[in-house]
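A note on names: the letters A, B, ... follow the listed sequences, proteins ahead of strands, and every chain is numbered from 1. Below, all heavy atoms of this structure are taken into account, side chains as well, without hydrogens, waters or symmetry copies. Because the structure is a prediction, the values reported are computed rather than measured.
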Number of protein chains: 2
Amino acid sequence: MDTPVAPPPRRITIVDVAQHAQVSTTAVSKVLRNAYGVSPKMRDRVRQAIAELGYRPNAAARGMRGQTYTIGVMLPNIRNPFFAEILDGLTDHLADTDYQVLLGPGCNGREAEAKVTHAMIDRSMDGLILIAPISTRAHLDHVAATVPTVVVGRHGRSRAYDSVADDDFAGAALVVDHLADLGHTRIAHIEHHETDRDCLAEMPNAIRAAGYQQAMRARGLADEIDIASTTYTQDGGYLGAQQLLARPVRPTAIFAGADIVAMGALDAIAEAGLRVPEDISVAGYDNTTFAAFRPISLTSVDQAGHQIGANAARLLLDRIVDRQRPAAQVRLSPTLVTRHTTAPPPAP
Amino acid sequence: MDTPVAPPPRRITIVDVAQHAQVSTTAVSKVLRNAYGVSPKMRDRVRQAIAELGYRPNAAARGMRGQTYTIGVMLPNIRNPFFAEILDGLTDHLADTDYQVLLGPGCNGREAEAKVTHAMIDRSMDGLILIAPISTRAHLDHVAATVPTVVVGRHGRSRAYDSVADDDFAGAALVVDHLADLGHTRIAHIEHHETDRDCLAEMPNAIRAAGYQQAMRARGLADEIDIASTTYTQDGGYLGAQQLLARPVRPTAIFAGADIVAMGALDAIAEAGLRVPEDISVAGYDNTTFAAFRPISLTSVDQAGHQIGANAARLLLDRIVDRQRPAAQVRLSPTLVTRHTTAPPPAP
DNA sequence: ATGAAAGCGCTAACAA
DNA sequence: TTGTTAGCGCTTTCAT
């Protein structure tokens, strides 16, 4: 015989606080928002009443008229450790503010992205940070027209939203130059095949592939350009490497478009009985924890995810204050982290 | 000269829908909630008006009186890939419902957990799923008294909330038995040191350590029990393994309390110039993607994260419907996944 | 089965 | 500086 669960006690409201402090609800509201027009004496009284009663404002109710003090972050794939870096940068920057971050979980595909962005808008969030979205420009512009928005990890400028991204073009060149400097000429690339022409020019994967080709040309290696088109997944890396290893003349180095892709490639290479880096070099992109893990020790491009996140947070707070401010684009420079998966090519 | 950004158009409300469909707002509300008391004819008219106008309900406003159709998930550490499994199970189960999942990000420490849980309550979420919380029982009970709650990955029964967890005691025994069957006797364990006596008996890490000791005794290896107390992090694994390797007589097998700990241990072992599994065996817990990655190929305990998540979602939906239902505890059985980091001990 | 009307807790325009 | 009051968009009695 269970005792029935007690119903939750009625929540303390602004009215309770006002009564307790012997002031009007307006006064309490003003104190809550640090708004103009309360005497210090009154402010203290209200603060004390809030503390004594353990009052916390109801965000839903606030949202009906003003802000909800909530920022929504759309994360495409919770498994990619690089996104965790961005998130850290974000939350660190937002920690001292009144804003609460809530994440929209794993959305793969445009419908899922639309569902999450709509869900956030429907919940009256004050601002949105979209990480590596694959939605159409039209959808992004629509979202940004409705709520302050920052887009992370996607190139292309909009006047509706701010954006923060890594210079993927330069990042790809860092890898190619590193490998070429080591003496490699047959440098292949595994890319995420962009099916959608709408955002072809905006996606990091496409830009990395373009940067790879441009850098190869700049090094006089135009004839050696060799791309396996798969996806930015571990499987994609596995399959891509298999394709490349099956070439009549094998590449001596593989530039994987993302660390997770490099993981799959390493797998395929080991399976083929080849050694890294003695027989073949491998480089990734993102400098994830995975890459840094010593038994793997993957050469990779570091995107400074923490800074990306911090910048996105800053831009968003700015825009919440002034929605008319012209849109800004922040491009962060990547750096190469050389580890043990890249070395000079084997003697012929 | 930027054209000024157009102000977002006024949102469609239930009033617009009612006018468009020539019915009352009450009728629209009922249709939205599939409530009793609308004729099929009226329902269709309303549905059509909703579609034509592209109406989406304002969740904040709904929350003022009824539900917000939002479920909050508190995730302690976004980097642990095991949590992603749970999340998948959750979202899959919730995909067909009207509920939207929002994640409270990385909270380490009790204050952070309290902040996130409060934030979710303040936003009138309909239910909470707390994954591996480290809060006090008192706080958990308080939360659960306020809003339907399911606690995941923590033992101990409450009548206020439902819980789902893996049988960590049995899981630890799986590892010990596996290693003992291979011929190991000097089987050491790296645990997450539980500083807090309040939830000592409830935390998976403590239960795994207890299970390890019990299983060792059951195998007649009581004298060989050897525990390094660190934390469930990669660093913790690194340090723990260093401690164990420095013993006068080295263990021949290490049972790391979590895959991430095993990663750090592998690192330390490699650094010490030892081979896995020839010189020393290593097993983890969680069966993360990391463990499955072939170049690592870590023997680990699989917790069926997907099922954990699905069960949690089911229990929560149940409880939202009936808050008086007695609390349920679900214990899922773990399985051992044998890979290449465990083998018979070296000949003496 | 249908709709009018009263709030939910808060903010913001307005009066005092 | 202070308080009064009218909503925000929705749900929910309660008449009809």
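V38(A) comes within 4.0 angstrom of the backbone, heavy atoms only, and of no base. Using a 4.0 Å heavy-atom criterion, one finds that S39(B) contacts the sugar-phosphate atoms exclusively. At a threshold of 4.0 angstrom between heavy atoms, the contacts of R11(A) with the nucleic acid are absent. T13(A) comes within contact range of the sugar-phosphate backbone alone, with a heavy-atom separation under 4.0 Å but no base atom that close.
Of the two residues near DNA chain D, T26(A) and V28(B), the one whose nearest nucleotide lies more 5' is T26(A).
A straight line from CZ of R10(A) to C1' of dG9(C) spans 11 Å, rounded to a whole angstrom. As rounded to whole Å, 16 Å separates atom P of dG9(D) from atom CD1 of I121(A). The nearest whole Å value for the distance from the CZ atom in R123(B) to the C1' atom in dC8(C) is 18 Å. Atom CZ in R43(B) sits roughly 12 Å away from atom P in dA1(C) (whole-Å rounding).
A donor and an acceptor atom, one from each side chain of S39(A) and R43(A), are nowhere located under 3.5 Å apart. At a cut-off of 3.5 Å, with distance as the only test, a side-chain donor of S158(A) or D141(A) sits close to an acceptor on the other residue. Residues H155(B) and S163(B) have side chains that never bring a donor and an acceptor to within less than 3.5 angstrom of each other. A donor and an acceptor atom, one from each side chain of H142(A) and T117(A), are nowhere located under 3.5 Å apart. Side-chain contact, R110(A) with T136(A): no donor N or O sits under 3.5 Å from an acceptor N or O.
A heavy atom closer than 4.0 Å to some atom of DNA chain C occurs in M64(B), R65(B), these being the qualifying members of residues 45-65 of chain B.
Taken from NE2 in H93(B) to CG in D96(B), the straight-line distance is 9.0 Å, to the nearest 0.5 Å.
The side chain of M42(A) approaches dT2(D) more closely than any other nucleotide in the set dA12(C), dA5(C), dT2(D).
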